[in-house]
Each structure stands twice: as structure tokens, then as C-alpha cells.
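Data first, discussion second: the structure below is written as C-alpha cells.
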Amino acid sequence: MNPEESPSFIKITEQVSLHRNLEKMQVGEILERINREDETVPAAVRKAMPSIEAFVEACTDKILSGGRLFYLGAGTSGRLGVLDASECPPTFGVPAGLIVGLIAGGDTALRNAVENAEDNREQGWKDLQAYSINSNDVVLGIAASGTTPYVIGALQACNNAGILTGSLSCNPGSPLSQAAAFPIEVVVGPEFLTGSTRMKSGTAQKLVLNMISTSLMIVLGRVEDNRMVHMQLNNDKLVDRGVRMIMDKTGLADYDKAKELLVQYGSVKKALLSE
């Protein structure tokens, strides 16, 4: 047991699956049961909406004042944080350093398990310090179990340094929640495969991270109507999307002229402002 856990703390994420004898099932039955479990995740996220909203509002205030958002996690949780952070620059055209994803064990851990990385309670704070983290910033600790020392230690150090903290976990009343000023708990119940939090817990975390970053970017003015007007034009698909946005917004019927406008100004937003 983690030394920070109380005897009464129960890891729902580690409880035995409701499904038995999986190896005896046909593929269709396995898939149907996984899907049935996955259907419960959005309802669990909905129950956590008030705490998600509170965190986003607090985070928005910091970002508007020049701060940054850091995601910090280990294993699947860390990978999901890095994924969400890495998709913000191309999607919303923000600097790469505005939302930063950190994973226990560093970038190597994105593809390979790094032994004992998540058990080092001092390393998370050290990783944050490498970015000169300060009181303008926000740190969201992500851990399905809510007991990861790497994450908990970092949040406690942030609290001591006057840095705003949030958490995202899938067990109620976890040590991680207790270490966060803005805890988010999405309780999805036992996993289809006992203890495999890459499944429902990971899906829940992905949904919540989507909500946090997307709502934050909308408030920051990186979206107009329902369009990604600041997206980076990194490939032909995105260029085509940008051209069609310009045609829709300006009434231009000539695809080539709209494309010339987009290429000239380098973004949908700048092209629209030129009209």
C-alpha cells in the first residue's frame, strides 16, 4: 500500500472485473462487453462536470494572465496528457509552451515502460522546475489510481510554492485529490480487464482532457463560431479545410482565389481579417 493511503481508501480501479472467464468468450461477446462498459464512461464524466468547470475557470484566469498549463502523469495518464498538450499547437495555433505534457520517465516512457519512474515522489517537481515553473502557472496531476507518488509529490511541492493545482483521477477521495486545490474525480468503476486502467479510466481521462483544452482555447479566442481559425496549415487536408472556411466566411466561390488568400496570410484568421 502507498504510505499516503489510509486503511479506508479503496481503489475502485483495482476491484475485480464484473466479467469472468474472458478467455472462454467468442470475439463478438468480448467486444460487446467492452462496448457495454465503455458506454458508462460519459455518464461518469457528466457527474464530474462541476469540478471540471471549476478547474477550467481557475485555469483560464491564470492563462489570461500569462501563465501556462502543465499536465503531469505516469504511464497511460502521462501519455494522454502529452497527447493532449501536443495537439494544441496544430489545432489552435498556440505556442508549444503554453500547454506542456510531462510523463514520469521522460519521452522514453511514451513508448516504453520506465522501471520505477512513477515511484519517485521528488522527480515530478524536478521535471517542472526545468521549465522554470512559477506562481503564474497551473499544474494538473493525472493518475487513474490517485496514488502515484511522482504526481502527488509534484502537486504538494506546487502547493508549497503557491502554484495552482488540479487533479484528474478515477478513485474517490484519493491522496491525489487531497493534494489538489481543484480535484476532478471520474469514477468509472472496475475495469473490464481487472486493473487495466488504460481502458475505461483512460477513456474518461481523454474525454476530460479534451474538454479542458478545448474549452480553454475557445475562451482564449482561438475558435470562431465552431471553426479552428488559428490551426497550423501542416498538410494538404488542413489547407483544404482552411480554404473552405474562407469560402464559407467570405462568400468567395473561387477555390483557387481562396487558397491564394490563405497561403498569402498563413492562417484562416489573418486571411479573414484582410477581407
Side-chain angles (χ1 to χ4, degrees), residues 1-15 41 44-62 67-78 80-81 84 100-104 116-129 133-135 137-191 195 197 200-202 204-209 211-212:
M1 176 179 288
N2 188 307
E4 294 176 334
E5 296 175 34
S6 68
S8 61
F9 176 63
I10 298 175
K11 291 184 183 179
I12 296 176
T13 54
E14 294 292 331
Q15 297 302 296
V41 175
V45 172
R46 175 166 290 278
K47 290 180 180 179
M49 288 285 284
S51 56
I52 300 170
E53 181 181 0
F55 175 75
V56 170
E57 289 182 343
C59 185
T60 299
D61 290 341
K62 287 287 187 178
R68 300 164 292 175
L69 171 59
F70 289 83
Y71 294 142
L72 189 81
T76 297
S77 298
L80 289 170
D84 194 73
V100 179
L102 299 176
I103 182 172
N116 299 325
E118 68 176 57
D119 298 327
N120 188 332
R121 61 174 297 106
E122 287 79 34
Q123 189 60 48
W125 176 240
K126 291 178 181 177
D127 290 346
L128 289 168
Q129 286 181 302
I133 192 167
N134 58 73
S135 59
D137 300 321
V138 183
V139 176
L140 180 70
I142 312 169
S145 68
T147 60
T148 307
Y150 173 85
V151 182
I152 295 171
L155 259 59
Q156 291 173 337
C158 286
N159 291 333
N160 293 335
I163 298 167
L164 185 68
T165 56
S167 65
L168 174 54
S169 61
C170 296
N171 284 318
S174 71
L176 180 60
S177 292
Q178 295 170 26
F182 291 88
I184 300 168
E185 296 177 340
V186 184
V187 184
V188 296
E191 296 287 357
T197 53
K200 289 194 300 180
S201 296
Q205 290 173 329
K206 181 66 168 70
L207 291 175
V208 173
L209 291 172
M211 296 168 78
I212 290 171

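For this chain, numbers begin at 1 and follow the sequence in order.
- If you check the side chains of Ser145 and Thr147, you find a donor sitting under 3.5 Å from an acceptor.
- Under the side-chain hydrogen bond (donor to acceptor under 3.5 Å, both in side chains) criterion, Asn159 pairs with Thr165, not counting sequence neighbours.
- When all heavy atoms of Ala144 and Ser77 are compared, the closest pair comes out as N-OG, 3.5 Å.
- Taking all atoms of both residues into account, the shortest heavy-atom contact from Ala74 to Ala104 is CB-CB, 3.8 Å.
- No side-chain heavy atom of Leu176 sits under 4.5 Å from any side-chain heavy atom of Thr148.
- Atom OG of Ser174 and atom CD of Glu185 lie 5.5 Å apart (nearest 0.5 Å).
- Every residue two or more places apart in sequence or in another chain was checked for a side-chain hydrogen bond (donor to acceptor under 3.5 Å, both in side chains) with Thr197, and none qualifies.
- In plain terms, the two heavy atoms of Ala161 and Trp125 that are nearest each other are CB-CH2, 3.9 Å.
- Atom CD1 in Ile103 sits 10.5 Å away from atom CG in Asp127 (nearest 0.5 Å).
- Looking at residues two or more places apart in sequence or on another chain, you find no ring-ring contact (aromatic ring centres under 6.0 Å, His included) involving Tyr71.
- For Glu191, the side-chain hydrogen bond (donor to acceptor under 3.5 Å, both in side chains) test picks out Ser201, with sequence neighbours left out.
- The side-chain contact (heavy atoms from CB on, under 4.5 Å) check on Ala54 picks up Phe182, with sequence neighbours excluded.
- With sequence neighbours left out, the salt bridge (Lys or Arg N to Asp or Glu O under 4.0 Å) criterion links Asp137 to Arg68.
- Note on residues 45-55: no pairs pass side-chain hydrogen bond (donor to acceptor under 3.5 Å, both in side chains), not counting sequence neighbours.
- Looking at residues two or more places apart in sequence or on another chain, you find a side-chain contact (heavy atoms from CB on, under 4.5 Å) between Val41 and Val45, Val188, Lys200, Thr203, Ala204, Leu207.
- With sequence neighbours left out, Val139 forms a side-chain contact (heavy atoms from CB on, under 4.5 Å) with Phe70, Leu72, Leu128, Ile133, Leu155, Cys158, Ile163.
- Looking at every heavy atom in both residues, Ala48 comes nearest to Ile184 through CB-CG2, 4.3 Å.
- Residues forming a side-chain hydrogen bond (donor to acceptor under 3.5 Å, both in side chains) with Thr13 (at least two apart in sequence, or on another chain): Asn171.
- In terms of heavy-atom proximity, Ile152 sits nearest to Pro175 at CD1-CB, 3.7 Å.
- Across every non-hydrogen atom of Ile142 and Gly81, the tightest pair is CD1-CA, 4.1 Å.
- The side-chain heavy atoms of Leu80 and Leu209, taken from C-beta on, include a pair separated by under 4.5 Å.
- Panel note: side chain Ser177, backbone Gly173; no donor-acceptor pair is recorded below 3.5 Å.
- Note that SG of Cys170 is 11.5 Å distant from CD of Glu14, once rounded to the nearest 0.5 Å.
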| request: Please test Asp84 against Ile212 for side chain to side chain contact (heavy atoms under 4.5 Å, CB included), starting from the C-alpha separation and ending with a verdict. | output: CA-CA 10 Å; Asp84 194 73; Ile212 290 171; 6.0 Å; no

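- With sequence neighbours excluded, the residues satisfying side-chain contact (heavy atoms from CB on, under 4.5 Å) with Asn120 are Glu122, Gln123.
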